[in-house]
Amino acid sequence: MNSQPNEKNKTLGTQTSAQVAGEIASENDAATTRVPFTLRSLLKMVRSGEKFACLTCYDATTARWLQTAGLHVLLVGDTAGEVILGLPNTMHTPLDFLVALTAGVKRGAPATLVMADMPFMSYQADDAEAIRNAGRFMTEGLADLVKIEVDRSFAGLVAKMSRAGIPVVAHIGSRPQHVKMHGGYYAAGKSAESAIALLDDARAMIEAGAMMLLIEAAPSEVAEQIVRESTVPVIGCGAGSSCHGQVVVLQDLLGMSTWQPAFALPTAQLGGQIMAAAKIWMDRVKSGQLGEHPYVMNDAQRASFGETLKHRNTAIPRVEPKQ
Ligand code: KIV
């Protein structure tokens, strides 16, 4: 990783704040004038054979840029616990935290389809609690869809959530919230028997009313068969190219992660760019070259300030800490 500021960064560093503000304003205009991309738009795309793109997103600012780029779906994944909070795995991601992040993402990208991930223990213990928590994602969190990690045993819950008007994305295959059950991360459907089980999970979820499937870490021939049999859009995450849409964690794509999944080849090296930008800032702080300074005193106030200082007692009395 290149830690030295390169020529391009230096050039970017000399852009005036007016130029930067102008560029951002025009990007903002593009973002706010976008025709809303809805579940209906997505179904239309899938029907016409066009692939849709999804990325994880955890904040309003990034959401705005991703919407401006034209992203179809943003997933506020429970990976936020790892990426944002530095937690060891997604089992620790707090519910309230994820609801708040989802609302932030939707506010940043109001014309983009936003999918909220329901975290560990927000939907497994009790169906009524699961529906209420999903409802929070839809109302407080402004989500368009909620995603839960499931197998066919969750068909009853998916049916109840659908009945309540909550569009469910059924995340099947590898389920990171089950990491402790497997003693580590795992791929699903690698044996003929588990591949058939995955097809059965997919079918049960569709029959229960799931609006979409998400298959994580499965062989491409298994995902291909699910896509063939499915009547709803299928998103792949390490499940091969046959899926209708694809999702990866944004920070993996941007080259900011310490571990890189093979199916999420980085399209940028932002880790290096962040370091370079921080080094430029350190240099600026050291040399005092901080750009334009907008806060100025007029001559009369400066003179009055100087005059007052002449009579000011500048010795600050020492205050002894209370016992
Ligand atoms: O939480 C997450 O980021 C996910 C994946 C599918 C990327 O669920």
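Order of appearance sets the numbers: ligands from 1, and atoms from 1 within every ligand. Hydrogens, waters and symmetry mates play no part in the numbers below; they use all other heavy atoms, side chains included.
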ILVMFWY clustering at 4.5 Å (side-chain atoms), partners of Leu309 |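 Besides Leu309, the hydrophobic cluster comprises Met297, Phe305, listed by chain and residue number.
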Quick one: name the residues clustered hydrophobically with Ile316, using the 4.5 Å side-chain heavy-atom rule over I, L, V, M, F, W, Y, and just say none if it's on its own.
->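 Once heavy-atom contacts under 4.5 Å are chained together, Ile316 still belongs with nothing else.
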Are the charged groups of [X] and [Y] less than 4.0 angstrom apart, N to O?
X      : Y      : value
Glu129 : Arg132 : no
Asp151 : Arg175 : yes
Asp283 : Lys286 : no

Tabulating one pair per line, provide the atom names and distances (0.1 Å) for every N/O atom of ligand 1 that is less than 3.5 Å from a protein N/O atom.
from	atom 1	to	atom 2	distance (Å)
ligand 1	1 (O)	Asp78	N	3.1
ligand 1	1 (O)	Asp78	OD1	2.8
ligand 1	1 (O)	Thr79	N	3.3
ligand 1	1 (O)	Thr79	OG1	3.2
ligand 1	1 (O)	Asp117	OD2	3.0
ligand 1	3 (O)	Thr79	OG1	2.5
ligand 1	8 (O)	Asp117	OD2	3.4
ligand 1	8 (O)	Lys147	NZ	2.8

Those residues at least two apart in sequence (or on a different chain) that pass side chain to side chain donor-acceptor pair (under 3.5 Å) with Glu224 are Arg228
